[in-house]
Amino acid sequence: DTLAPALSADAKSLYYIERQSGHVLRSGLEGRDETILANLTILESFDGLWSPLKNRVLIAYADRGAVKRFVESTATATPSYFLPANATMASWSPDGRQIAYLVRQGEQTNLVIADQANRDGRTVYTTPIPDFTLVWANRNTVLLISRPSGLAPSLVLQFNTATGRAEPILLGSRGVMILAAPNGSGFLFSQSAERGEAGEIAFYRFADRSTTPLGQITLAEKCAFFSDSKRISCGVPQGGISGISPDDWYRGAVAFRDNIVEIDIAAGRAATLAGSEAALDITMPVISPDGTYLFFVDKHDGTLWRMTLVE
């Protein structure tokens, strides 16, 4: 099984985590010449989050019933560290030089921002809501998103790191999942309708607070931006998404056979690049900076795949 595929800083190698051991691996873009970047054994790892600098990766794992979060270094002379035991979620700044994480303290949850080595941490915002996820969307914007469920209204707070203020956006939505655009202009989001069924994805722009529907029914976790932030590539389930979304997909009650669809955000045009003959359920997609390759993990069995987008 594979976790958290990502391109190296020079985009010449592919980084990923082996789920069984927690080892951090590197290979060529063709999948050959696999080597170990970091061989600290971390059993029961289930999530990974790469710094944009690709010199650190945050690995979440289960240890005797508790979730722990360890930031492992992949660079020489770069220290590794644990996040606090009561940390719940984390996100790297777009430049990779800071890390934000949520810490549960009594009846409050604190948003803490520290440098990339977790030094000089300071609490910048406090909320009584315990179950936010985090997306650091651009230099001054951290999004706090309630955990997605098609059965409950979503709460999305836009926190300004410069002013220290938070305000709600996307009011009235359910099951919201968010993927930030690389240029910081906005984010892709998926959502659910009132009865929990999946709705179409859309793009939200920070500048004018506008929302552009994109006409495809899928989940944000199945999508990746091209480096220009103008296009996305998504795994779009054939025949739509059944059941309560995204709840049933997360707990494995439903699985999908995805088409791979490219969407022009401004024009709203979509083109199917490939049907999924192998019944692939796409997750963790990554597009190479030149737009040549799409890498992704098949949720069915955790295998890592590559698709050529441009010959």
Query raised in the report: What do the steps show when you test Arg209 against Glu167 for salt bridge (charged side-chain N to carboxylate O under 4.0 Å, His left out), and what is the final call?
Result: CA-CA 12 Å; Arg209 304 187 179 191; Glu167 60 177 328; 2.9 Å; yes

Got [X] and [Y] here, is their nearest side-chain heavy-atom distance under 4.5 Å?
X: Gln158; Y: Leu143; result: yes
X: Leu29; Y: Ser288; result: no
X: Gln108; Y: Pro128; result: yes
X: Val71; Y: Asn118; result: no
X: Pro52; Y: Ser93; result: no
X: Tyr16; Y: Ser27; result: yes
X: Leu58; Y: Leu83; result: yes
X: Phe189; Y: Ile169; result: no

Judged by atom type as modelled, is there a donor-acceptor pair below 3.5 Å linking the side chain of [X] to the main-chain atoms of [Y]?
X: Ser51; Y: Asn55; value: no
X: Arg306; Y: Gly31; value: no
X: Arg147; Y: Thr133; value: no
X: Asp298; Y: Asp281; value: yes
X: Asn86; Y: Gln105; value: no
X: Ser146; Y: Ser154; value: no
X: Ser173; Y: Gln191; value: no
X: Trp50; Y: Ala4; value: yes
X: Asn259; Y: Thr272; value: no
X: Ser91; Y: Trp136; value: yes

Query raised in the report: Given Glu44 and Asp63, is the side chain to side chain contact (heavy atoms under 4.5 Å, CB included) satisfied, shown in steps?
Result: CA-CA 7 Å; Glu44 297 189 61; Asp63 181 22; over 6 Å; no

Query raised in the report: Would Thr109 and Arg104 count as a side chain to side chain donor-acceptor pair (under 3.5 Å) if you check the C-alpha gap in whole Å, the side-chain angles of each, and the deciding distance to 0.1 Å?
Result: CA-CA 4 Å; Thr109 297; Arg104 191 68 180 161; 2.7 Å; yes

Exercise: identify the closest heavy-atom pair between [X] and [Y]:
X: Ala180; Y: Phe187; answer: CA-CB, 3.9 Å
X: Asp115; Y: Arg119; answer: OD1-N, 2.7 Å
X: Leu53; Y: Ala9; answer: O-CB, 4.0 Å
X: Leu7; Y: Pro289; answer: CG-CD, 4.3 Å
X: Pro237; Y: Gly235; answer: CD-O, 3.7 Å
X: Ala100; Y: Leu111; answer: CB-CD1, 4.1 Å

What distance separates [X] [atom1] from [Y] [atom2], expressed to the nearest 0.5 Å?
X: Leu37; Y: Leu25; atom1: CG; atom2: CG; result: 7.5 Å
X: Met89; Y: Leu144; atom1: CE; atom2: CG; result: 10.5 Å
X: Ile178; Y: Ile145; atom1: CD1; atom2: CD1; result: 4.0 Å
X: Lys222; Y: Cys234; atom1: NZ; atom2: SG; result: 10.0 Å
X: Leu214; Y: Glu200; atom1: CG; atom2: CD; result: 7.5 Å
X: Ser245; Y: Arg174; atom1: OG; atom2: CZ; result: 12.5 Å

Examine [X] and [Y] and state if one hydrophobic cluster contains both, with Ile, Leu, Val, Met, Phe, Trp and Tyr joined whenever side-chain heavy atoms are less than 4.5 Å apart.
X: Val236; Y: Ile260; answer: no
X: Phe82; Y: Val57; answer: yes
X: Leu102; Y: Ile113; answer: yes
X: Phe225; Y: Ile282; answer: no
X: Met177; Y: Ile241; answer: yes

Report task. For the pair Phe203 and Ser185, evaluate side chain to side chain contact (heavy atoms under 4.5 Å, CB included) and give the outcome as yes or no after the intermediate values. Result -> CA-CA 10 Å; Phe203 185 80; Ser185 63; 3.8 Å; yes

Query raised in the report: In terms of ring plane angle, is the pair Phe295 and Tyr293 parallel, tilted or perpendicular, where the classes change at 30° and 60°?
Result: tilted

Requested in this report: Please work out which of the three classes, parallel, tilted or perpendicular, describes the rings of Phe296 and Trp305, given edges at 30° and 60°.
Outcome: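 Parallel.
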
Query raised in the report: Do Ile99 and Arg56 pass the side chain to side chain contact (heavy atoms under 4.5 Å, CB included) test, and can you show the C-alpha distance, the side-chain angles, and the key distance before you say yes or no?
Result: CA-CA 11 Å; Ile99 187 170; Arg56 290 182 169 93; over 6 Å; no

Requested in this report: List the steps, then state whether side chain to side chain contact (heavy atoms under 4.5 Å, CB included) holds for Leu179 with Ile232.
Outcome: CA-CA 10 Å; Leu179 177 68; Ile232 55 174; 5.6 Å; no

Requested in this report: Verify the neighbour count for atom CD of Glu107: are there more than 12 heavy atoms of other residues, nucleotides or ligands below 6.0 Å?
Outcome: no

